[in-house]
Amino acid sequence: MQALTTARFAMTPAEAVNLIAAQHGKICSVTFIKRTTGELRTLTGRSGVRKGLKGGTLRYNPAEKGLIPFYDMRDGRRMIDANTIKEIKANGKEYVVGERY
């Protein structure tokens, strides 16, 4: 029996940000490099989650700092550096960021 292979699609970092934003409410996973330690990290969760916010709004605009707000199903709210995204799994497809560009 042959293993099923998932098609991989290449995209730019800007396209990756748009894909994550388009998932608004749908579960996806994002692999990126952490700013603080330089290690790879994978988060599984959703973007656009508003429930449970305390204190209203952030003191800064994440987009101006190149960050994407993301709700990780294991660790809660996190920020993803848009410039260090390596891979996204969404809509049953794998997207590789920066490859072949």
Side-chain angles (χ1 to χ4, degrees):
M1 179 180 261
Q2 270 187 334
L4 295 175
T5 57
T6 304
R8 295 172 63 110
F9 301 94
M11 62 177 24
T12 65
E15 291 171 327
V17 171
N18 292 336
L19 177 64
I20 293 171
Q23 295 305 306
H24 193 74
K26 295 180 187 173
I27 296 174
C28 65
S29 71
V30 181
T31 302
F32 62 100
I33 299 172
K34 288 177 63 172
R35 274 185 176 180
T36 54
T37 61
E39 64 187 66
L40 271 178
R41 181 172 186 172
T42 301
L43 299 179
T44 301
R46 306 180 318 169
S47 64
V49 175
R50 309 297 265 161
K51 187 172 183 178
L53 288 175
K54 294 180 183 174
T57 61
L58 292 172
R59 295 180 185 195
Y60 62 94
N61 182 354
E64 289 177 0
K65 296 182 180 249
L67 299 173
I68 303 167
F70 195 79
Y71 185 82
D72 181 42
M73 296 172 76
R74 180 176 292 160
D75 296 323
R77 297 185 188 287
R78 297 286 179 249
M79 292 286 179
I80 298 172
D81 183 352
N83 296 317
T84 64
I85 297 173
K86 296 297 176 193
E87 183 178 278
I88 300 171
K89 293 180 183 176
N91 302 324
K93 299 175 186 169
E94 281 186 27
Y95 300 90
V96 180
V97 180
E99 216 171 85
R100 292 182 264 159
Y101 278 103

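Only a predicted model underlies this, so the values are computations on that prediction, with no experimental measurement involved. One is the number of the first residue; the rest follow in order along the sequence.
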Leu19: which of Ile85, Val30, Ile88 passes side-chain contact (heavy atoms from CB on, under 4.5 Å)
Ile88
Is the shortest side-chain N to carboxylate O distance from Arg35 to Asp81 below 4.0 Å?
yes
Interatomic spacing from CZ in Arg41 to OG1 in Thr31 - rounded to 0.5 Å
11.0 Å
Test item: Met79 and Lys65 side chains (from C-beta on) under 4.5 Å apart, heavy atoms
no
So, the side chain of Asn91 versus the backbone of Lys93: is there a donor-acceptor pair under 3.5 Å, distance only?
no
Just so I know, are the side chains of Val97 and Lys86 near enough to count as touching, which here means a heavy-atom distance under 4.5 Å?
no
Rounded to the nearest 0.5 Å, the CZ atom of Phe70 sits from the CZ atom of Arg46 at a distance of 9.5 Å
Pro69 versus Ser47, closest heavy-atom pair with distance
O-CB, 4.1 Å
Around atom NZ of Lys34, are there more than 12 heavy atoms from other residues, nucleotides or ligands closer than 6.0 Å?
yes
Donor-acceptor pair, Asp72 side chain versus Thr44 backbone, under 3.5 Å?
yes
